[in-house]
**Student:** 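Pasting in a structure now, in structure tokens, and then I'll have a few things to ask.
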Amino acid sequence: MPLTLYSHPFSSYCQKVLIALWERDIPFRYRHLEEAGADAERLALWPLGQFPVLTDGDRAIAESSVIIEYLDQHRPGRVRMVPEDPVVALEARFLDRFFDNHVMTPMQQPVNEALRPDATRMDEVMGRTREALDTAYAWLEQRLSGRTWATGADFSIADCAAAPSLFYADWVHPIAPDFPTVRSYRARLLARPSVARAVDEGRPYRSYFPLGAPDRD
Ligand SMILES: N[C@@H](CCC(=O)N[C@@H](CS)C(=O)NCC(=O)O)C(=O)O
């Protein structure tokens, strides 16, 4: 059955799944959420409202991490995003959760605040986000030490999550020079073809970034 991904090029969670699809060269139909009727279709498939959503025939799969695991199970190939070794797989799943919960989530708070009609709490929200991201960057500085990719030598689901989360987090609260390992990991991610493609396809939508996109990357 052909796969369809309901997706938007500027969405961080969509980029996470697109990176996994492109890493594995899996063919799929890209249903861009700005195409006529696509958003209504997506909501009918997954009424809880978030995207991306993948369909495989008449089956709809939501949640970026689950979609990536689904692809490993249902489109097996030479490369996997969840490592075969159960010990490394647990580290990959843990770091996937880390990037979503402790980088992506705090990064999104000021973005959400800026989208509110009266963004009166911005200073407070930004303060909390800076603190949370600095704690996450410091923790990652230790954890990623000596590793090329999040879990070691092989690119995994954790790197799919890391790429958009560190990409946007650095826009909201730049990774300080005190964290050279995290800075070079982000640069390595951005140089990876699947990630570079996600960044490039999101580029035309940078005006959507409510805090103002920086003139770099
Ligand atoms: N836990 C979800 C989060 C998805 C998510 O938050 N997607 C954003 C786009 S990047 C979204 O749907 N925003 C609209 C909304 O929350 O209503 C996942 O991993 O797929």
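Counting starts at 1 for both ligands and their atoms, following the listed order. Keep in mind that what you see is a predicted model, and the values were worked out from it rather than measured.
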**Student:** Should H8 and Y205 be marked as a ring-ring contact (aromatic ring centres under 6.0 Å, His included) after you check the CA-CA gap, both sets of side-chain angles, and the distance that decides it?
**Tutor:** CA-CA 10 Å; H8 192 283; Y205 303 92; 4.7 Å; yes
**Student:** Taking 4.0 angstrom as the limit, do D217 and R203 come out as a salt bridge?
**Tutor:** no
**Student:** Tell me which one of S7, P52, G49 gets a heavy atom nearest to atom 17 (O) of ligand 1.
**Tutor:** G49
**Student:** N/O of E63 under 3.5 Å from N/O of ligand 1, yes or no?
**Tutor:** yes
**Student:** Check for me whether R192 meets the cation-pi criterion with F155, that is, NZ or CZ under 6.0 Å from the six-membered ring centre and within 45 degrees of the ring axis.
**Tutor:** yes
**Student:** Could you pull out the closest heavy-atom pair between L166 and R186, with the gap in Å?
**Tutor:** O-NE, 3.0 Å
**Student:** Closest non-hydrogen protein atom to atom 20 (O) of ligand 1, residue and atom name please, with distance?
**Tutor:** S64 N, 2.9 Å
**Student:** Tell me which protein heavy atom sits closest to atom 10 (S) of ligand 1, plus the residue, atom name and distance to 0.1 Å.
**Tutor:** S11 OG, 3.0 Å
**Student:** Counting heavy atoms only, which of Q50, M104, R42 comes nearest to atom 3 (C) of ligand 1?
**Tutor:** Q50
**Student:** For F98 and W139: C-alpha separation, side-chain torsions, deciding distance, then whether ring-ring contact (aromatic ring centres under 6.0 Å, His included) applies.
**Tutor:** CA-CA 10 Å; F98 183 87; W139 185 88; 4.4 Å; yes
**Student:** So which atom in R183 and which in P177 form the shortest heavy-atom distance, rounded to 0.1 Å?
**Tutor:** NH1-N, 3.4 Å
**Student:** Please list the nearest protein heavy atom to atom 5 (C) of ligand 1 with its residue and the distance rounded to 0.1 Å.
**Tutor:** Y13 CD1, 3.4 Å
**Student:** Consider every N or O of F51 and every N or O of ligand 1, then say whether any pair is closer than 3.5 Å.
**Tutor:** yes
**Student:** Considering only heavy atoms of S12, which atoms of ligand 1 have at least one such atom less than 4.0 Å away?
**Tutor:** 10 (S)
